[in-house]
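All remarks here apply to the structure that follows.
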Amino acid sequence: MNVFAHVEGLIRASLSAMQADGVMPADIDVSGIEAETPRDSSHGDFATNAAMVLAKKAGMKPRDIAEALKVRMEAFEDVEKADVAGPGFLNISFKPEFWQSMVGTILAAGELYGQVDLGKGTKTNVEYVSANPTGPMHVGHCRGAVFGDALARLLEFAGYDVTREYYVNDAGGQVDVLARSVFLRYREALGEDIGAIPEGLYPGDYLKPVGEALVAEYGDKLKSREAADWMPVARAKAIEMMMVMIREDLAALNIQHDVFFSEASLQANGRDRISEAIDVLKSKGLIYEGVLPKPKGHEDEEWEEREQVLFRSTEFGDDVDRAIAKSDGSYTYFAGDVGYHYDKLQRGFSHIINVFGADHIGYIKRMKSAVAALSDGKADFDIKVCQLVKLFRAGQAVKMGKRLGTFVTLREVVDEVGRDPVRFMMLYRKNDAPLDFDFAQVTEQSKDNPVFYVQYAHARSASVFRNAAEAFEGLDTSPDALTQAELSKLTDPGEIELIKMLASFPRLIEGAARAHEPHRLAFYLYEVANALHSQWARGNDSPQLRFIAQGDRGLTVARLAMIAATQRVISSGLGVLGVEAPDAMR
RNA sequence: GCACCGGUAGCUCAGCUGGAUAGAGCACCAGACUACGAAUCUGGGGGUCGGGAGUUCGAAUCUUCCCCGGUGCGCCA
């Protein structure tokens, strides 16, 4: 049950009744109004701006509408009171019974609590990571990987039918370079002295096993063959083994994709989706041959004007039209992406999300243009950009350089600090803001470390259950027993406050899913943990507030029900973020 | 030069798509352990929301023009 939807329903019903009674004109639309939590809790549980929104349309004073609405709202059984405030807000408070019953609602819903039907089963494609299969993943990939995975989980939780996809760039010049690098390692594995790896090839040791694998499979048979013969073999083997490595890296972060989509497959099996996509664009008059203007600002000595096939992306807000084919007639990388997204559309995805690294920002407009053109603007297409991650060790920035070979791999980070801290910290920031990742902070077990803080709240709750079983002989803490608890005993303001926070979980999920912003959930969980820790500490000062109430079984069970509901929200929320909710921290 | 993303407390950042007196953590100061795990909690000081103009009942949030920082910018993927 979504309390906000419930309250909005009550408000709408009241407004409709006012229209039926002639208090307010019947011909105005009343559906757009909202309920929200007031910033200041002394203003009540909910506030609605309905009166101010409708004042103009109704030709009435906001406060007059609010007064009429107040009377209607107070007629509902759950409503304790409603007050008109400020320019026309209506502050609404619910009776304690209403909040107490939410605990039962949460427990009854179990792991379904918080799930909403925002997506209504919409076929959704989330593409993330898509790192080139030319080496192991480094930290730069890490944020996008975690973000994409959490977003996919979030959307599933919110009722979307999600496919997680990885676009494998297994075509083009880059993988040819990979193949050449591997062939060198192959000769090395045969005992040849290959000396230093030439400039322009991949120098990493991780290609040695690929060379050895080729020896194991082909012996020295490839050595004397023409490049045209060994290239495809070396390339295929290299890509295969690199993708195995990448999948292992992703698995270390608890990330799995449903589809690994091969770029090369776009033009395979007797079909060419790239040319199909271009034909579609042609039929819309969006393809032409032309010359691109020289970019301004930086001097480029080697600039030459060349005629090539272009896509009229400026029709869709792009800065310049984009090249589909190179001057030699072969496709650009962008052409492949056009074909790929054409394929996504053909597979029936109406909701498509791409997660980009900051280095691909310049690519956004042309992709949006392409998808808008291919789908006639019908597809819901969003690109989320993950900004850079800066690593810090003991307050010092960790310098990384690809050329120096000093980049930190994803695996190194996960091995050092653990999967959960990496995941949570990558999400504890808005995706489009840069992120500082401090090894010391992330491994610390204290309040400074939000992952720990949230997990600790869950573990601490589990500890209460362990102790309760000892304090009361034969105490029944089964889900059924907790659902039957006398919730009316939960009267402390701190308890009610905690419950209200739990009650807002579905709305939080809805907003985060709608905005494609998993970080909201991370911050919310921190607040829930804080509310629990606070209530716990009140028990230190006031023993009668302790969750385990000496000699009072009924009260204890009621509080355990509240704790169980809190655990439910934390574990479900962490689950959406792909983080464990442990029962003990030591 | 153009585009995109940032600019909110000393520091790191939230701010729920326009709501009421702008929040949290760290740091600083002052408190709470015969403990349901103090790995925690309570209180306090601290802000021209980068700047100007505009839109309206109401702006950190929307429009526009500047300033600062980051990133990217023809046939590399």
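Nothing here was measured: the structure is a model prediction, and the numbers come from that model. Naming convention: chains lettered A, B, ... in sequence-line order (proteins, then strands); numbering from 1 in each chain.
Under 4.0 angstrom from either OP1 or OP2 of B/rG15 there lies at least one side-chain N or O belonging to A/K430. Under 4.0 angstrom from either OP1 or OP2 of B/rC36 there lies no side-chain N or O belonging to A/H533. The shortest distance between the side-chain N/O atoms of A/N467 and the OP1/OP2 oxygens of B/rG37 is below 4.0 Å. The shortest distance between the side-chain N/O atoms of A/T134 and the OP1/OP2 oxygens of B/rA77 is not below 4.0 Å. Side-chain nitrogen and oxygen atoms of A/N530 include at least one within less than 4.0 Å of the OP1 or OP2 phosphate oxygen of B/rC41. Residue A/W536 places no side-chain N or O under 4.0 Å from the OP1 or OP2 atom of B/rA35. Remark: A/S463 is in phosphate contact with B/rG37, judged by side-chain N or O atoms under 4.0 Å from OP1 or OP2. An OP1 or OP2 oxygen of B/rA24 is reached within less than 4.0 angstrom by no side-chain nitrogen or oxygen of A/Y453. Residue A/R429 places at least one side-chain N or O under 4.0 Å from the OP1 or OP2 atom of B/rC13.
Looking at heavy-atom distances under 4.0 Å, A/A584 makes contact with a base. Among the atoms of the strands shown, none is found under 4.0 Å from any heavy atom of A/A549. Residue contacts for A/A512: at a heavy-atom cut-off of 4.0 Å it reaches no nucleic acid atom on any strand shown. A/Y363 comes within 4.0 angstrom of a nucleotide base, judged by non-hydrogen atoms across all strands. Counting any heavy atom pair closer than 4.0 Å across all strands shown, A/R546 reaches a base atom. Looking at heavy-atom distances under 4.0 Å, A/G539 makes contact with a base. A/H519 comes within 4.0 angstrom of the backbone, heavy atoms only, and of no base.
As the counterpart of B/rC4, B/rG70 is assigned, both hydrogen-bonding distances of the Watson-Crick or G-U wobble pattern falling under 3.5 Å. With both pairing distances under 3.5 Å, B/rA60 is matched to nothing as a Watson-Crick or G-U wobble pair. The nucleotide B/rC36 finds no pairing partner, because no Watson-Crick or G-U wobble arrangement with both distances shorter than 3.5 Å includes it. Across all strands shown, B/rU48 has no partner, as no Watson-Crick or G-U wobble contact with both distances under 3.5 Å is found. The base-pairing partner of B/rC16, taking Watson-Crick or G-U wobble contacts with both distances under 3.5 Å, does not exist among the strands shown.
When rounded to the nearest whole Å, the span between CZ of A/R39 and C1' of B/rG58 equals 12 Å. Separating the NZ atom of A/K390 from the C1' atom of B/rU71 is a distance of 12 Å, rounded to the nearest angstrom. Per the geometry, NZ belonging to A/K294 stands 12 Å off P belonging to B/rG74, to the nearest Å. In this structure, A/R366 atom CZ and B/rG72 atom P are separated by 14 Å, rounded to whole Å. If you measure from atom CD of A/E527 to atom P of B/rG15, you get 11 Å, rounded to the nearest angstrom. For the pair A/D432 CG and B/rG69 P, the interatomic distance rounds to 20 Å; values are reported in whole Å. We find that CG of A/L498 is positioned 15 Å from C1' of B/rC41, with the value rounded to whole Å. When the P atom of B/rA77 is taken as reference, atom OH of A/Y340 falls 18 Å away, rounded to whole Å.
Nucleotides B/rC65 and B/rG70 place their P atoms 23 Å apart, quoted to the nearest Å. Taking atom P in both B/rC68 and B/rG51, the straight-line distance is 15 Å, to the nearest Å. Distance noted for atom P between B/rA22 and B/rG44: 16 Å (whole Å). Spacing of C1' atoms, B/rG46 relative to B/rU8, comes out at 14 Å, to the nearest Å. If you take atom P in B/rU42 and the same atom in B/rC33, they sit 16 Å apart, rounded to whole Å. The separation of B/rG6 from B/rA60, taken at their C1' atoms, amounts to 14 Å, rounded to a whole angstrom. Comparing B/rU61 with B/rG18, their P atoms sit 11 Å apart, to the nearest whole Å.
The pair A/E8-A/R507 meets the salt-bridge criterion, with a side-chain N (NZ, NE, NH1 or NH2) lying under 4.0 Å from an Asp/Glu carboxylate O. Taking a cutoff of 4.0 Å between a charged side-chain nitrogen and a carboxylate oxygen, A/K294 and A/E305 do not qualify as a salt bridge. Salt-bridge check for A/R180 with A/D176: failed, with every basic side-chain N at 4.0 Å or more from each acidic carboxylate O. Ion pair A/R466/A/E470 not flagged as a salt bridge, since none of the NZ, NE, NH1 or NH2 atoms sits closer than 4.0 Å to an Asp/Glu carboxylate oxygen.
Using the six-membered ring where Trp is involved, A/F547 and A/W536 have ring planes that are perpendicular, over 60° apart on the 30 and 60° scheme. Using cut-offs of 30° and 60° for the angle between ring planes, the A/Y363 and A/F334 rings count as perpendicular.
Checked against B/rA38, B/rA39, B/rG74, the side chain of A/F452 finds its nearest nucleotide in B/rA39. Comparing B/rC75, B/rA77, B/rC5 against the side chain of A/Q387 picks out B/rC5 as the nearest. When each of B/rU42, B/rC75, B/rA20 is scored by its nearest atom to the side-chain atoms of A/S534, the top-ranked nucleotide is B/rU42. Of all nucleotides listed (B/rA20, B/rA35, B/rA77), B/rA20 comes nearest to the side chain of A/A85. Nearest to the side chain of A/D541, among B/rA32, B/rU12, B/rC36, sits B/rA32. Here B/rA77 is the nucleotide among B/rC36, B/rG15, B/rA77 with the atom lying nearest to any side-chain atom of A/N169. Residue A/M52 places its side chain closer to B/rG19 than to any other of B/rC36, B/rG19, B/rC41. The A/R466 side chain lies nearest to B/rG37 when the options are B/rG37, B/rC75, B/rG19.
Between A/F4 and A/F46, the distance separating the two ring centers is shorter than 6.0 angstrom. Side-chain rings of A/H533 and A/Y456 approach one another, their centers coming within less than 6.0 Å.
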